[in-house]
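As structure tokens, the structure follows; a few thoughts come after it.
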Amino acid sequence: MTELLDRAWPVLADWRLPAAVIATIVAGLMRGYSGFGTAVILAPVYSLLWGPRAGVPVMLLMELLVSLQLVPSALKDADRRVVLPLGGAAALATPLGAWILLTADGDTLRRFIGGFVLVFGLLLMSGWRYHGSRPLPLNLAVGTLAGLLKGSTGMSGPPVILYLLAGLEEAKRHRANLILFFATIAVVSVIPPLIGGLIDLPVLVRLAIMLPVMAVSVPIGARLFHVIPERLYRPFAMGVLLVAGALALFG
């Protein structure tokens, strides 16, 4: 027990831990409110603080457990005809993306994550969305791209968010679709880091600290969904994405 504590102490005493806690609170509020936000905030922030190979596995494990909180309430509102092909294709492509995580240069991957989030935030702010139809081949193509991103960066959301938010459905349907999509690939995404040896003691210690923070923040965000108008939420969310992407890109 003493030896375990000695190994965990450098992680617990790290000055970067409080910064990660703050980022996790913000990500949890966004995830509970909108159905997304965990990966696009935490992937760049965790990668900046700990490096992609240490930060992305923490975020993937947390994403899996958070999804379990939100799925039951989302099942009745989600459009499974669209979401399940997206999730299935993403699940199949995730291991290939994980190979990139295991082999790519950490600093280069961190900057890619930051740049990608920055571009995604700017696209959301511009109001651009995909406005075409959603045939099965396109669902599979978008899902495959999302899976490659999920495995390599921890972020499957950006292409799917831009794709799904284009429709005329009400906000509740959009939120449920995103929750169900993220849940379908959450289990698959943690397997490659586990096999690749990336889930070690520091990762588990960080997870043990961040998970309760996320578990508290997500339900609060879900309650805020019924209180705060989207016109007030959206500028805040977009600002958070831009800051997180810029920090990882230029930090």
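Note on L201 and W50: same hydrophobic cluster, where clusters join Ile, Leu, Val, Met, Phe, Trp and Tyr whose side-chain heavy atoms are under 4.5 Å apart, directly or indirectly. I22 and V216 sit in two unconnected hydrophobic clusters of ILVMFWY residues. Membership requires side-chain heavy atoms under 4.5 Å apart, directly or through other members. No chain of hydrophobic side-chain contacts below 4.5 Å, direct or via other Ile, Leu, Val, Met, Phe, Trp or Tyr residues, connects L145 to L136. No continuous path of ILVMFWY side-chain contacts below 4.5 Å connects L92 to V190, so the two sit in separate hydrophobic clusters. The hydrophobic cluster containing V205 also contains V213, counting ILVMFWY residues as joined when their side-chain heavy atoms lie under 4.5 angstrom apart, directly or transitively.
For the atom pair CG of D105 and CZ of R111, the computed distance is 10.0 Å after rounding to the nearest 0.5 Å. Note that CG of L60 and CD1 of I199 are 8.0 Å apart. Values are rounded to the nearest 0.5 Å. In this structure, the separation between CG on N177 and CZ on R81 is 10.0 Å, given to the nearest 0.5 Å. Note: S47 OG to R53 CZ = 10.5 Å, rounded to the nearest 0.5 Å. Separating the CG atom in L61 from the CE atom in M210 is a distance of 13.0 Å, to the nearest 0.5 Å. Once rounded to the nearest 0.5 Å, the distance linking CG of L84 with CG of D79 reads 9.0 Å.
Closest of all the heavy-atom pairs between V203 and P57 is CG1-CB, 4.2 Å. Of all heavy-atom pairs spanning L207 and M62, the tightest one is CD1-N, 3.9 Å. Residue L102 comes nearest to G196 through the heavy atom pair CD2-CA, 4.2 Å, listed as atom of the first residue, atom of the second, then distance. Among all heavy-atom pairs drawn from A39 and G154, the shortest one is CB-O, 3.2 Å. Taking all atoms of both residues into account, the shortest heavy-atom contact from I100 to S152 is CB-CB, 3.8 Å. When all heavy atoms of L109 and L101 are compared, the closest pair comes out as CD2-CD1, 3.7 Å.
Between F182 and V71, every side-chain heavy-atom pair lies at or beyond the 4.5 Å cut-off. In this structure, P159 and L149 have side chains that are in contact, with non-hydrogen atoms separated by less than 4.5 Å. Considering only heavy atoms from C-beta on, L148 comes within 4.5 Å of L96 through its side chain. Side-chain contact check for L42 versus E63: every heavy-atom pair is 4.5 Å or farther apart.
The side-chain contact (heavy atoms from CB on, under 4.5 Å) test with Y46 is passed by exactly one of V56, T24, I113: T24. Among L17, V11, V58, the one residue that satisfies the side-chain contact (heavy atoms from CB on, under 4.5 Å) test with I209 is L17.
Residues passing the salt bridge (charged side-chain N to carboxylate O under 4.0 Å, His left out) test with D14 are R16, sequence neighbours excluded. T38 meets the side chain to side chain donor-acceptor pair (under 3.5 Å) test with R31; sequence neighbours excluded. For R80, the salt bridge (charged side-chain N to carboxylate O under 4.0 Å, His left out) criterion is met by no residue, not counting sequence neighbours.
When atom types are taken as modelled, the side chain of R173 and the backbone of D77 share a donor-acceptor pair closer than 3.5 angstrom. In this structure, the side chain of T184 engages the main chain of F181 through a donor-acceptor pair within 3.5 Å.
The aromatic rings of F116 and F112 sit parallel to each other, their planes meeting at less than 30°, with 60° as the upper class boundary.
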